[in-house]
Amino acid sequence: MHSRSPALHNYFFKQYRVAGTYVPLAIRPEGLEAALRALAPLGFAGCNLTIPHKERAIAIVDEVDALARAIGAISCVVVRPDGSLWGTNNDVHGFARNILQQRPAWRADEGPAVVIGAGGGARAIVYSLVDHGAREIRLTNRTRERAETVAREFGSAVHVVNWDDRHRALDGAATLVNTTSQGMVGQLPLDLDLAKLPANALVIDIVYIPLETPLLAAARRRGNPTVDGLGMLLHQACIAWKYWFNIDPEVTAGLRATIEATIPKS
Ligand SMILES: NC(=O)c1ccc[n+]([C@@H]2O[C@H](COP(=O)([O-])OP(=O)(O)OC[C@H]3O[C@@H](n4cnc5c(N)ncnc54)[C@H](OP(=O)(O)O)[C@@H]3O)[C@@H](O)[C@H]2O)c1
């Protein structure tokens, strides 16, 4: 219910004069299948999936693309003309396009990347980092087995670090990404000591409410460059519009300012 996707997609509906609307639907995990099957009869063009549905939905839809299959999570569903459901994952490209728009000089292979978390979002981010040439990804998650599964699936660049050792894992890192829900409104801040993080490392949070999470605030105070999670949301939404309506929106300053105005700063 915190999602800014309705504001964002309804901005596009207005901008492109498409007759439609985007509504938030709070679906319990046990109701996910029935909800997805109701999309076609209710006249939906598709939907997005967020926490905690991305991984389970893959077994419900009729077909997924290779990207979603590789990641094991879908963030976007398209209702096809025959009413069947097709799933893909827009988080992967949304993540990378956002960083490169905000930090064009960023390179995934310029040094070790530390990824905190191993849920649906993390899977997309690890995939994207590997895809962009990351040679060393230090992956740490409260539930270690989940991180081990990601490491097994995404190749030899991914090394699992014990949750208790996450603070030390920042030593020498070039990129740090929080993919947990910690720091989000209503949640505790991410418990991470930045002391060992090099001052030039790029710190990214995929949480976007608030815009400046406690992690990003701490990083900014010590001089690290930062990227917030809103841009990723904007970029993945543009990709969804291509699939749903064959329209290719751009992430403009006006779009960002409109959505940013609806989000608490910290
Ligand atoms: N900006 C964007 O476009 C975008 C895209 C995707 C996701 N997100 C945001 O990313 C966050 C995660 O989403 P998701 O879909 O990946 O969720 P998810 O699949 O449910 O994964 C949640 C992750 O958070 C960790 N976690 C939860 N509570 C924790 C705690 N108390 N201490 C430490 N770790 C904890 C989980 O660890 P365990 O495995 O131990 O439970 C897991 O790694 C959400 O805030 C979501 O809104 C943003």
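Counting starts at 1 for both ligands and their atoms, following the listed order. What's counted below: heavy atoms across the whole structure, side chains too, no hydrogens, waters or symmetry copies. Nothing fancy with the numbering, it's 1 onward along the sequence.
Ligand 1 is never approached by Phe95 to a heavy-atom distance shorter than 4.0 Å. Heavy-atom separations between Ala118 and ligand 1 include at least one value shorter than 4.0 Å.
The ligand atoms of ligand 1 that sit less than 4.0 angstrom from a heavy atom of Arg146 are 19 (O), 38 (P), 39 (O), 41 (O), 42 (C). Interface of Val207 with ligand 1, defined as ligand atoms under 4.0 Å from a residue heavy atom, comprises 45 (O). Counting atoms of ligand 1 from 1 in the listed order, those under 4.0 Å from a heavy atom of Tyr208 are 1 (N). The ligand atoms of ligand 1 that sit less than 4.0 angstrom from a heavy atom of Ser181 are 24 (O), 27 (C), 28 (N), 45 (O). Heavy-atom contacts of Gly117 reach the following atoms of ligand 1: 43 (O) (cutoff under 4.0 Å).
Note that atom 22 (C) of ligand 1 has no protein non-hydrogen atoms nearby, at separations under 4.0 angstrom. Proximity of atom 29 (C) of ligand 1 to the protein is indicated by at least one non-hydrogen atom lying closer than 4.0 angstrom.
Under the side-chain hydrogen bond (donor to acceptor under 3.5 Å, both in side chains) criterion, the residue pairs touching residues 201-219 are Asn178-Asp205, Asp205-Thr213, Glu212-Arg220, with sequence neighbours excluded.
Atom 24 (O) of ligand 1 has its nearest heavy-atom neighbour, among Thr143, Val115, Thr180, in Thr180. When the heavy atoms of Asn141, Leu139, Leu188 are ranked by distance to atom 43 (O) of ligand 1, first place goes to Asn141. Comparing Ser5, Gly183, Gly94, Gly121 by heavy-atom distance to atom 16 (O) of ligand 1, the nearest is Gly121. Of the candidates Leu230, Ile206, Thr213, Ile206 brings a heavy atom nearest to atom 4 (C) of ligand 1. When the options Ala147, Ala237, Gly120, Gly229 are ranked by their closest heavy atom to atom 18 (P) of ligand 1, first place goes to Gly120.
Checked against salt bridge (charged side-chain N to carboxylate O under 4.0 Å, His left out), Arg135 has no partners two or more places apart in sequence or in another chain.
When hydrogens are left out, the protein atom nearest atom 5 (C) of ligand 1 is Met232 CE, 3.5 Å; that is the closest non-hydrogen contact.
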